[in-house]
Amino acid sequence: MQKRSARGKPSPVPEHELGSLLEAYKAYLTQHKLKFTAQREVIITEFLRAGGHLSAEELFRTVKKKAAGVGLASVYRTINSLVEAGLAVERRFLNRTSVYELHEPGQHHDHLICLRCRKIFEFEN
């Protein structure tokens, strides 16, 4: 489960939880006869480490620093497969580009969006 900072932003997934999430993703890929490639591993690892609401383009910029050969299309395919696997949730706020966050079964949070700066704040009530 992701912890939230005092400002409501999810913290990155702790390192000790990365392994179990990667295993769940590998199981999904195996079930759908897809390969767990080095590119997918970099993409999902950076997604989990980022925390928060991340667009595919933001994730791509982060991944590019770690693996120059990863393309934007690979990031989109991987993030969509994370959603299909039930590990990520797609959100679209104020008609903006889709952003993604870790899906946490049994956990509920809401979102507040500043209309001036468009920053997204999470809170639990």
Side-chain angles (χ1 to χ4, degrees):
M1 172 170 82
Q2 277 184 300
K3 302 284 186 215
R4 306 217 185 282
S5 71
R7 296 184 56 155
K9 181 182 186 245
S11 301
V13 172
E15 288 294 320
H16 68 275
E17 291 182 21
L18 283 177
S20 64
L21 291 168
L22 285 172
E23 288 305 315
Y25 185 58
K26 286 178 186 178
Y28 167 82
L29 292 174
T30 300
Q31 181 181 7
H32 289 84
K33 297 182 173 73
L34 300 168
K35 294 181 183 177
F36 185 72
T37 63
Q39 287 186 343
R40 280 189 173 130
E41 183 173 14
V42 170
I43 294 165
I44 186 174
T45 300
E46 291 307 311
F47 171 74
L48 295 172
R49 285 185 176 148
H53 302 93
L54 198 60
S55 72
E57 292 81 8
E58 291 167 329
L59 180 57
F60 172 67
R61 286 191 294 274
T62 302
V63 167
K64 220 34 187 168
K65 296 173 188 172
K66 305 274 181 178
V70 175
L72 182 58
S74 295
V75 172
Y76 271 105
R77 281 192 300 273
T78 300
I79 201 91
N80 284 330
S81 68
L82 286 169
V83 171
E84 291 170 6
L87 296 173
V89 177
E90 179 180 10
R91 308 266 189 223
R92 189 176 293 221
F93 302 112
L94 301 173
N95 296 323
R96 291 179 23 188
T97 302
S98 292
V99 292
Y100 302 87
E101 64 181 330
L102 182 66
H103 175 66
E104 301 175 88
Q107 299 295 316
H108 175 78
H109 66 274
D110 293 297
H111 301 88
L112 292 174
I113 301 135
C114 176
L115 295 175
R116 193 171 332 161
C117 70
R118 304 214 182 254
K119 187 169 183 166
I120 300 166
F121 297 92
E122 292 186 348
F123 67 96
E124 295 176 10
N125 187 358

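One-based numbering along the sequence shown. Note that the structure is a prediction, hence the values are computed from the model and not measured.
- Residues that satisfy the side-chain contact (heavy atoms from CB on, under 4.5 Å) test with Glu46, not counting sequence neighbours, are Val42, Arg49, Leu59, Thr62, Val63, Lys66.
- Residues passing the ring pair (Phe, Tyr, Trp, His ring centres under 6.0 Å) test with Tyr28 are His32, sequence neighbours excluded.
- The CZ atom of Phe47 sits 11.5 Å away from atom OG1 of Thr78, with the distance rounded to the nearest 0.5 Å.
- Taking both residues in full, the closest heavy atoms of Thr45 and Glu41 are given as OG1-O, 2.7 Å, listed atom of the first, atom of the second, then distance.
- Among residues two or more places apart in sequence or in another chain, the side-chain hydrogen bond (donor to acceptor under 3.5 Å, both in side chains) test is passed with Glu23 by Lys26.
- In this view, Glu90 and Ser98 satisfy the side-chain hydrogen bond (donor to acceptor under 3.5 Å, both in side chains) rule, not counting sequence neighbours.
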Could you list the donor-acceptor pairs under 3.5 angstrom formed between side-chain atoms of residues 69-77 and any protein atom two or more places apart in sequence or on another chain?
{"unit_1": "Ser74", "atom_1": "OG", "unit_2": "Arg77", "atom_2": "NH2", "d": "3.3"}
{"unit_1": "Tyr76", "atom_1": "OH", "unit_2": "Glu57", "atom_2": "OE2", "d": "2.2"}

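- Residues meeting the side-chain contact (heavy atoms from CB on, under 4.5 Å) test with Leu29, sequence neighbours left out: Tyr25, Leu34, Phe36, Arg40.
- Just one residue in the list Leu82, Ile79, Leu21 forms a side-chain contact (heavy atoms from CB on, under 4.5 Å) with Ile44, and that residue is Leu82.
- Taking both residues in full, the closest heavy atoms of Asn80 and Tyr100 are given as OD1-OH, 4.0 Å, listed atom of the first, atom of the second, then distance.
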